[in-house]
Amino acid sequence: MITVNGIHYEIPEELHAKKLSDWLREDLMLTGTKVGCDIGVCGSCTVLINDEAKRSCKLKLNDVDNSNITTIEGICAPDGGLHPLQQAFMDAGAIQCGFCTPGMVLSALALLLKNHRPTRGEIRLALKGNLCRCTGYQQIIDAVELAAGIMYPNK
Ligand code: FES
Ligand code: FES
């Protein structure tokens with residue numbers, strides 16, 4: 001069984017070798033998970049697996065049996081509003097074409113769940129596997145700092 005955004009799925013045997021990224025996009029229609037390189041290089045397919053950032057194009061469904069997966073569709077507020085990281089990316093001007101953004105946000109979320117007040121160096125390190133062709137990265141670092149202050153204001 002695999003849990004995605006709180007919903008449980010039994011995986012039939014014939015799908016065990018299917019890529020997680022393809023299953024999310026083609027079978028669950030969770031197309032917020034982007035596939036750029038499809039070979040584990042760009043980070044655009046990043047999802048959270050048990051709160052760790054992982055590249056879904058490098059995993060088969062068999063690899064994630066009994067895992068709890070969060071995609072970009074699963075992080076919104078209970079009322080459907082944007083997650084503070086999503087809002088911060090908008091406010092900091094950290095989005096241009098947006099293709100890298102779901103992966104960036106989920107890598108940043110994995111960091112902030114563990115480290116509530118990361119330094120800019122720690123943010124860079126956590127996002128080093130997520131490539132962006134548009135923004136030049138500074139605004140992305142700004143956005144993660146901004147979100148940390150909103151998510152954990154008393155740190
Ligand atoms: S699509 Fe998975 S790392 Fe590029
Ligand atoms: S905003 Fe275009 S790739 Fe990052």
Side-chain angles (χ1 to χ4, degrees), residues 2-5 7 9 11 14-77 81-115 118-151:
I2 300 174
T3 303
V4 181
N5 301 335
I7 300 174
Y9 298 90
I11 308 301
E14 63 269 22
L15 290 184
H16 283 187
K18 186 161 185 165
K19 279 188 184 189
L20 175 59
S21 52
D22 291 342
W23 181 66
L24 292 170
R25 291 176 52 82
E26 295 167 4
D27 295 57
L28 305 192
M29 305 306 289
L30 296 173
T31 55
T33 300
K34 302 302 180 199
V35 175
C37 66
D38 210 14
I39 54 169
V41 174
C42 73
S44 67
C45 65
T46 301
V47 297
L48 296 191
I49 299 181
N50 301 328
D51 287 343
E52 298 280 344
K54 301 283 183 190
R55 290 152 197 245
S56 58
C57 75
K58 292 292 283 179
L59 294 166
K60 306 277 195 257
L61 293 188
N62 215 21
D63 300 327
V64 295
D65 194 21
N66 295 316
S67 296
N68 193 8
I69 296 174
T70 305
T71 71
I72 195 70
E73 291 89 348
I75 69 166
C76 59
L82 293 177
H83 186 278
L85 263 165
Q86 293 173 305
Q87 187 64 52
F89 267 62
M90 290 176 61
D91 293 345
I95 302 172
Q96 287 187 33
C97 81
F99 196 86
C100 70
T101 309
M104 287 282 185
V105 166
L106 289 169
S107 289
L109 181 55
L111 170 67
L112 294 183
L113 289 173
K114 283 192 233 141
N115 180 348
T119 64
R120 289 179 78 82
E122 288 169 332
I123 296 169
R124 278 197 193 91
L125 196 60
L127 299 182
K128 74 179 181 353
N130 290 81
L131 305 183
C132 177
R133 298 180 63 175
C134 307
T135 65
Y137 297 103
Q138 293 306 319
Q139 299 95 321
I140 292 172
I141 311 298
D142 295 343
V144 179
E145 279 192 314
L146 182 60
I150 294 165
M151 291 169 66

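Each ligand, and each atom within it, is numbered from 1 in the order the structure gives.
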> Please check if the number of heavy atoms outside R133 that lie under 6.0 Å from its CZ is greater than 12.
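Incorrect, the count does not exceed 12.
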> Give every residue pair that meets the side chain to side chain donor-acceptor pair (under 3.5 Å) criterion with at least one member in residues 85-105, sequence neighbours excluded.
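The answer is Q87-D91.
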> If I take every N, O or S atom of C100, is at least one of them less than 2.8 Å from atom 2 (Fe) of ligand 2?
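It does not; every qualifying atom lies at 2.8 Å or beyond.
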> Go through ligand 2 atom by atom and flag the ones less than 4.0 Å from a non-hydrogen atom of G98.
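In order of numbering, the contacting atoms are 1 (S), 2 (Fe).
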> Kindly indicate, with the supporting measurements, whether the criterion side-chain contact (heavy atoms from CB on, under 4.5 Å) is fulfilled by T70 and I75.
CA-CA 7 Å; T70 305; I75 69 166; 3.7 Å; yes
> For K34, is the NZ atom crowded, meaning more than 12 foreign heavy atoms sit under 6.0 Å from it?
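It does: K34 NZ has more than 12 such atoms within range.
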> Is any side-chain heavy atom of H83 closer than 4.5 Å to one of V105?
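Answer no - side chains too far apart.
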> With a cut-off of 2.8 Å, does any N, O or S atom of C97 fall short of it relative to atom 2 (Fe) of ligand 2?
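Given the 2.8 Å cut-off, C97 counts as a ligand of atom 2 (Fe) of ligand 2.
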> Just which atoms of ligand 2 are under 4.0 Å from any heavy atom in R133?
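Once the distances to R133 are compared, the set is 3 (S).
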> Under 2.8 Å from atom 2 (Fe) of ligand 1, which protein N, O or S atoms are there? Could you list them by chain and number?
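Under 2.8 Å from atom 2 (Fe) of ligand 1 - ignoring waters, which are not counted - the protein N, O or S atoms are C45 SG, C57 SG.
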> Before you tell me yes or no, could you show the steps for E122 and N115 under side chain to side chain donor-acceptor pair (under 3.5 Å), namely the whole-Å CA-CA distance, both residues' side-chain angles and the distance that decides it to 0.1 Å?
CA-CA 9 Å; E122 288 169 332; N115 180 348; 3.0 Å; yes
> Which ligand 2 atoms, with their elements, are less than 4.0 angstrom from a heavy-atom of C134?
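Numbered from 1, ligand 2 contributes 1 (S), 2 (Fe), 3 (S).
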> Within a 6.0 Å radius of atom NZ on K18, are there more than 12 heavy atoms belonging to other residues, nucleotides or ligands?
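Check passes, neighbour count above 12.
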> Got a second to check how far L61's CG is from L24's CG, nearest 0.5 Å?
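Nearest 0.5 Å value for the CG-CG distance: 8.0 Å.
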